[in-house]
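Before any comments, here is the structure.
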2 protein chains.
Amino acid sequence: MSIGHFMNDKNSHQISDPVNSPANKESTEAEFLKTYNIHEFDIPLTSVDMAIFTIEHDALKVLLVKRAQFPAKGQWALPGGFINLEDDNTLSDTASRKLKEKTGVDIAHLEQVSTFGGLNRDPRGWSVTIAYMALISCKNIVLKSNETSEDIVWVAIENVNKNYKLAFDHNTILTQCYQRLKSKVQYTSLPINLLPRAFTLSELQKTFELILGYPIEKKSFRRRVLGADIIAKTGEMRVGSNRPAKLYYANASGKEHLFQRNIEGPR
Amino acid sequence: MSIGHFMNDKNSHQISDPVNSPANKESTEAEFLKTYNIHEFDIPLTSVDMAIFTIEHDALKVLLVKRAQFPAKGQWALPGGFINLEDDNTLSDTASRKLKEKTGVDIAHLEQVSTFGGLNRDPRGWSVTIAYMALISCKNIVLKSNETSEDIVWVAIENVNKNYKLAFDHNTILTQCYQRLKSKVQYTSLPINLLPRAFTLSELQKTFELILGYPIEKKSFRRRVLGADIIAKTGEMRVGSNRPAKLYYANASGKEHLFQRNIEGPR
DNA sequence: TTATGTTAGTGTCTGTGAGGCACTATGTCA
DNA sequence: TGACATAGTGCCTCACAGACACTAACATAA
């Protein structure tokens with residue numbers, strides 16, 4: 001951790017001795033770049049992992065895959081993979097590509113949560129993974145296994161720890177994504193993205209309650225949502241064995257509206 | 001972006017043909033790891049950059065360095081650098097090492113903000129940078145140039161765009177860090193970390209106002225801060241040319257207390 | 001046809017903490 | 001000793017949260 005140490009050849013990505021270095025002729029950026037070779041340096045392995053959430057059968061679920069390849073072959077993990085340096089222009093390209101590969105979904109709420117890096121999180125060595133969280137409706141979704149995953153399933157969030165031991169530090173990653181989701185329920189309209197296009201207010205409230213972990217007062221919830229100009233009536237009704245309910249859809253601002261105050265919960 | 005494409009040798013980090021591959025004997029993870037060589041793969045260059053904020057002379061300032069080496073030699077940028085795979089155990093180790101190198105500070109509020117990655121953000125090719133934000137008191141700080149920076153200065157946030165053209169995508173990074181700070185002022189006690197250990201309530205309010213960009217009502221502010229069990233009296237007073245003010249210090253929870261409601265601003 | 005149950009949706013109360021503003025308190029300095 | 005400046009308080013309104021009893025509209029069973 002000394003200041004001198006960080007200038008060794010393998011880490012500085014710079015010429016440490018401007019006089020004796022064979023590359024001391026580099027006086028322009030173009031020349032510097034000509035002799036620069038990334039493969040000469042010790043850099044971490046960098047990947048993208050994601051927690052894809054949905055609501056199914058009145059439960060918050062996350063997508064898990066069973067790894068078909070080394071390392072951690074046969075273990076359950078969050079879907080993810082490496083950046084394709086040719087096809088991906090940004091990190092979110094990588095994330096949405098992964099999402100599409102597993103679920104076929106290409107429009108969804110996709111949010112970068114946090115980046116994890118360290119020496120011991122992957123047996124291949126120092127590695128970095130950028131964690132994303134996706135919220136999708138599971139309606140009409142077909143999960144796709146491929147070369148990298150021999151199995152793929154929706155798992156209720158409270159069953160993950162009980163029945164699935166996740167590879168690498170994916171439990172930590174999932175926990176942080178879940179935390180982000182839980183904290184955002186309190187002050188945004190984000191969970192709307194977990195539902196299909198048309199939904200009733202009761203369904204929306206149920207979704208909020210599932211994530212929050214406690215019941216919300218119906219009147220407060222409706223006042224809050226209806227007063228925010230984030231949803232509009234489709235004009236249709238959901239008919240069941242009771243009084244039919246108005247159907248709504250989220251308008252543009254509804255995808256992530258910020259409320260001025262938090263949901264406070266029961267007194 | 002096709003599914004097939006991502007399995008090419010250089011990006012999958014896996015053996016694409018389990019039959020004909022020279023490594024098809026890999027039946028255990030240990031064997032897989034023995035033949036795994038990170039330098040064979042196309043992976044992005046990965047670094048850490050940071051926006052170090054402080055309050056000086058009634059202004060919010062950020063630390064900028066003038067780059068002494070290629071690429072972007074001679075240009076202003078956020079301090080940052082590469083992960084030292086030997087000495088850094090996690091990403092935040094890298095961040096705190098950088099903070100210490102430049103400012104000598106080793107305890108501060110340090111927070112990961114966002115990760116930026118793409119093909120075009122660095123002339124060396126596909127690169128990823130993990131952006132951190134640090135909040136420190138500039139009291140008794142000595143800025144240190146070194147091999148990588150020929151100059152290092154505090155710049156008032158509103159002067160950055162006016163007088164400094166930042167290298168790479170550092171303007172975007174700085175903007176996001178600043179946004180994060182601005183949004184956190186509304187519902188946390190975070191700005192407390194920008195002040196020295198002892199401060200008056202007026203100084204704290206001034207700090208909040210500088211970041212928010214508008215004045216806060218004195219009574220509201222004091223009620224909010226005093227009601228939250230986040231600060232305590234030192235017992236000393238700040239004497240000036242007026243009525244002396246009580247000095248306070250932040251207790252543990254004061255470093256990042258979450259308020260239930262946002263500061264709302266003038267009506 | 002009517003009673004009952006269930007879910008949809010409303011009226012209206014209290015409570016909390018925000019903003020506003022006039023007030024008092026306590027120091028320095030001319 | 002009085003003007004001033006900044007510290008700190010008392011008390012008002014307002015917005016929006018929670019609570020809860022109420023009404024509305026359907027299916028179904030008696």
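Here is the naming used below: chain letters follow the sequence lines, and residue numbers restart at 1 for every chain.
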Item to complete: Anything under 30° is parallel, anything over 60° is perpendicular, the rest tilted; go ahead and classify A/Y178 against A/F53.
Response: tilted
Worksheet item: Between B/H257 and B/F259, what is the ring plane arrangement, given parallel below 30°, perpendicular above 60°, and tilted in between?
Response: perpendicular
Taking only residues at least two apart or on different chains, which pairs with a member in [range] satisfy side chain to side chain donor-acceptor pair (under 3.5 Å)?
range	answer
residues 179-188 of chain B	B/E111-B/R180, B/E111-B/K184, B/K184-B/E256
residues 194-213 of chain A	A/E203-A/R238, A/Q205-A/E209
residues 50-63 of chain B	B/E56-B/K61

Discussion item. Would you say B/K144 and B/S149 are linked by a side-chain donor-acceptor pair, where the criterion is simply a distance under 3.5 Å?
Written reply: no
Item to complete: List in numerical order all residues of residues 200-237 of chain B for which some heavy atom is under 4.0 Å away from an atom belonging to DNA chain D.
Response: B/S202, B/K218, B/K219, B/R222
Practice prompt. Please work out which residues in residues 245-267 of chain B have a non-hydrogen atom less than 4.0 Å from an atom of DNA chain D and list them by number.
Written response: B/A245, B/K246
Response to the item:
Residue pairs passing the salt bridge (charged side-chain N to carboxylate O under 4.0 Å, His left out) test with at least one member in residues 239-254 of chain A, sequence neighbours excluded, are none
Salt bridge (Lys or Arg N to Asp or Glu O under 4.0 Å) against [X], all qualifying residues, sequence neighbours excluded:
X	answer
A/R222	none
A/E264	A/R267
A/R261	none

Practice prompt. Go through DNA chain D in 5' to 3' direction and return only the first and the last nucleotide with some atom under 4.0 Å of chain B's heavy atoms.
Written response: D/dA5 to D/dC11
Worksheet item: Under the side chain to side chain donor-acceptor pair (under 3.5 Å) test, which residues partner A/N262, sequence neighbours left out?
Response: none
Fill in: Degree of bending in the helix from C/dT1-D/dA30 to C/dA30-D/dT1 once both end axes are built from five pairs, to 10°
20°
Discussion item. Please determine whether salt bridge (charged side-chain N to carboxylate O under 4.0 Å, His left out) holds for the pair B/K162 and B/E158, giving the CA-CA distance in whole Å, both sets of side-chain angles, and the decisive distance to 0.1 Å.
Written reply: CA-CA 7 Å; B/K162 225 183 304 177; B/E158 64 269 21; over 6 Å; no
